[in-house]
Number of protein chains: 2
Amino acid sequence: MKDADRLREARAIVNELLVDIFNRILAIESESLKDKGVKLSMSEIHVLEAITKTDEPTMTNIANKLGITVGSLTVSVNTLFQKGFVSRERDPEDRRKVIIGILPKAEEVLEKHNDFHNEMINSIFNDLKLEEDELLISSLRKLSSYFKQ
Amino acid sequence: MKDADRLREARAIVNELLVDIFNRILAIESESLKDKGVKLSMSEIHVLEAITKTDEPTMTNIANKLGITVGSLTVSVNTLFQKGFVSRERDPEDRRKVIIGILPKAEEVLEKHNDFHNEMINSIFNDLKLEEDELLISSLRKLSSYFKQ
DNA sequence: AGAATAGTTTTGAAGTTCAAAGTATTTGAA
DNA sequence: TTCAAATACTTTGAACTTCAAAACTATTCT
């Protein structure tokens, strides 16, 4: 087989795998949480996750992290606030901003969600050698930066 | 830095990148299509894509490929049929089955969608060496098989 | 103070999805 | 053979997510 053919095949496989993963990940993730007795929807989980991973967790910053509008985020935060998963307070420095915080009830849930992510990452890393990690990381980094261009 | 630390760091990065990609891919994909004058939503595009990639494209098989219920697929196919993107006909061998087909109007759209996927894949492969492909593929394959467990 | 700006919330509409109930067809066991 | 169960699909109603636009509040600028 020629190199060009091999490359074409490799691309096709990577593409197919990405599509497959994309199509299944949400459903499986949500099932995994249901099994663990978590009542929240996946989008609510992702909001909680984004809050913990946003440096200055204002509405605008969190919405950017998630790639949704601030209006959509407000709707979601409303119910999370009402259910007692997050706190909300004005920034004393700039009282236009609302800082969102995670409450203990949410930390529990995020821990269970993390288990899922860890299992997922395990399944990739299990029999990779250390020096091979770099390549995987650089591939994904390229993909991610392509999306942020 | 110890190997264990390096591994922990690698996992964290891979996880973060996957989450990032997941959060952005849909929005960007949909914007890319809007730029190209395509009127369909992403989920409609994914239905079309799944039809072309399912061996015997019955409702059940396509729904499985997509990871949604057959009922949901029916709703989507209803509008795609009405807009003239897909054909629908009973399987003469087993008249319970409905075989879905892609019409020319849909092929045009899928071509544009493919451009997006190709650009995406390009951005990963651009400066990978041939022998490195295998590793990337095997990593993704593991991830994908983990989801199909 | 008044106008402009920034951050957030509210609202209405559209789209996606599921679960449950209903229809049509096929299969298989009595 | 016949009819009950299984299979394939569609319909329906409800819940959820999201967006765009308008409204509101707080802050900054002139």
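Hydrogens, waters and symmetry mates play no part in the numbers below; they use all other heavy atoms, side chains included. Note on naming: letters A, B, ... go to the chains in the order of the sequence lines (proteins, then strands), and numbering restarts at 1 for each one.
The separation between B:D94 atom CG and C:dT26 atom P is 6 Å, rounded to whole Å. As rounded to whole Å, 17 Å separates atom P of C:dA14 from atom CG of B:L40.
Within the structure, every side-chain polar atom (N or O) of A:N78 is placed at least 4.0 Å from both OP1 and OP2 of C:dT8. Contact between the side-chain N/O atoms of B:R88 and the OP1/OP2 oxygens of D:dT10 is found at a separation under 4.0 Å.
Residue whose closest nucleotide on DNA chain D sits further toward the 5' end, between A:P92 and B:V98: B:V98. Both A:R90 and A:K34 lie near DNA chain C, and the one whose nearest nucleotide falls closer to the 5' end is A:R90.
Residue contacts shown for A:S41 are limited to sugar-phosphate atoms, with no base heavy atom under 4.0 Å away.
Taking a cutoff of 4.0 Å between a charged side-chain nitrogen and a carboxylate oxygen, B:R8 and B:D5 qualify as a salt bridge. With respect to B:E56 and B:K97, a salt bridge is recorded, a charged nitrogen being found less than 4.0 Å from a carboxylate O.
Near-neighbour residues of DNA chain D inside residues 43-73 of chain B, defined by a heavy atom below 4.0 Å, number-ordered: B:T58, B:M59, B:T60, B:V70, B:G71.
Contact of B:R95 with C:dT25 (side chain to base): no donor-acceptor pair of N or O atoms is detected under 3.5 Å.
Checking B:N118 against A:R11 by side-chain atom types alone, no donor-acceptor pair falls below 3.5 Å.
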